Amino acid sequence: MKIPIPALFLLAMTAAGCGDSSSGPPTIERGEEIRLEQVGEVLRNYQLAKGKPPKSIKELRSAPGDSGGSDLVITGDVVVNWGVPLPDTKEEGGGSPNEEVLAYGKDVPTKGGPVLLLNRAVRRMTAEEFKAAPQAKP
């Protein structure tokens, strides 16, 4: 059986995934979200181990079980609102209604991007949304 060339072309395009560009965020954006999740995990581990949130980079450096998140803060790639206790330290974040901004990439205030909320969920914001969003406070 011979398949007509237009049908073959359509089949190849469908198999290659060229028909739908809304299949998900680009890899770079997901990488930024993962970095913020790592920061959230470091803050969670610190609070579980010490019974309080870190108040500075110096305190965060002593975080047990660091997943690489503290390096992002130390290098300045991620900014943290220090001294803010997490309302929920369960393994999965997002379980509480607290949606104040806890941490964010250094470029978020000017370019937008993902932010880590106090409930440890990650949400994308434009620069304008970020400026209007409540910041987590101790």
Side-chain angles (χ1 to χ4, degrees):
M1 176 175 164
K2 209 172 188 183
I3 299 175
I5 299 229
L8 188 58
F9 177 77
L10 184 59
L11 181 63
M13 295 302 283
T14 304
C18 293
D20 183 14
S21 63
S22 64
S23 61
T27 305
I28 292 173
E29 291 177 4
R30 182 62 187 136
E32 293 170 342
E33 293 169 2
I34 290 170
R35 292 174 8 160
L36 284 172
E37 289 169 359
Q38 290 174 333
V39 171
E41 187 63 15
V42 168
L43 295 172
R44 174 184 167 270
N45 286 339
Y46 185 96
Q47 185 169 318
L48 286 171
K50 307 281 186 177
K52 62 179 185 163
K55 294 181 181 176
S56 67
I57 290 175
K58 184 178 178 181
E59 285 188 4
L60 189 65
R61 285 183 186 181
S62 67
D66 186 354
S67 62
S70 62
D71 289 342
L72 297 168
V73 177
I74 291 166
T75 61
D77 289 334
V78 173
V79 178
V80 174
N81 291 324
W82 296 108
V84 181
L86 297 171
D88 178 3
T89 55
K90 294 178 185 166
E91 193 167 335
E92 282 295 317
S96 72
N98 304 82
E99 295 195 348
E100 295 91 354
V101 175
L102 178 60
Y104 52 91
K106 66 180 179 183
D107 294 330
V108 171
T110 56
K111 298 178 181 177
V115 300
L116 178 68
L117 303 175
L118 188 54
N119 64 8
R120 290 182 296 122
V122 175
R123 179 186 305 155
R124 286 198 136 323
M125 291 184 180
T126 65
E128 292 76 29
E129 290 171 330
F130 176 80
K131 289 173 188 163
Q135 299 291 310
K137 295 184 170 97

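Keep in mind the model is a prediction, meaning the values are calculated, not measured. What you see below is based on every heavy atom in this structure, not just the backbone, and it leaves out hydrogens, waters and symmetry mates.
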Approximate separation, where rounding is to 0.5 Å, of Met125 CE and Tyr104 OH
11.5 Å
Given the rule that I, L, V, M, F, W and Y join up when any side-chain heavy atoms are under 4.5 Å apart, are Leu86 and Val101 in one cluster?
no
To the nearest 0.5 angstrom, please state how far the CD1 atom of Ile34 sits from the CG atom of Leu72.
11.5 Å
Looking only at non-hydrogen atoms, find the nearest pair between Val78 and Ala103 and report the distance.
CG1-CB, 4.0 Å
Measuring from Trp82:CH2 to Leu60:CG, what's the distance to the nearest 0.5 Å?
4.5 Å
Can you tell me how far apart NZ (Lys90) and CZ (Arg120) are? Round to the nearest 0.5 Å.
10.0 Å
Nearest 0.5 angstrom please: Asp71 CG to Gln38 CD, how far?
9.5 Å
Are Lys50 and Glu59 close enough for a salt bridge, meaning some N to O gap below 4.0 Å?
no
Listing, residues 129-138 side-chain donor-acceptor contacts under 3.5 Å, not counting sequence neighbours, or none:
residue, atom, partner, partner atom, Å
Glu129, OE1, Thr126, N, 2.8
Gln135, OE1, Asn81, ND2, 3.1

Same apolar cluster (I L V M F W Y, side chains within < 4.5 Å links), Ile57/Val79:
no
Partners meeting salt bridge (charged side-chain N to carboxylate O under 4.0 Å, His left out) with Arg35 (sequence neighbours left out):
none
Quick check for you: to the nearest 0.5 Å, what is the distance between Asp88 atom CG and Asn119 atom CG?
8.0 Å
Let me check something: any side-chain donor-acceptor pairs from residues 106-118 under 3.5 Å, sequence neighbours excluded? List them with distances.
residue, atom, partner, partner atom, Å
Thr110, OG1, Asp107, O, 3.2

With hydrophobic residues grouped by side-chain heavy-atom distances under 4.5 Å, do Val122 and Val39 end up in a single group?
yes
Residues forming a side-chain contact (heavy atoms from CB on, under 4.5 Å) with Pro53, sequence neighbours excluded
Gln47, Pro85
Answer yes if Val84 and Leu43 sit in the same cluster of Ile, Leu, Val, Met, Phe, Trp and Tyr residues linked by side chain heavy atoms under 4.5 Å apart, and no otherwise.
yes
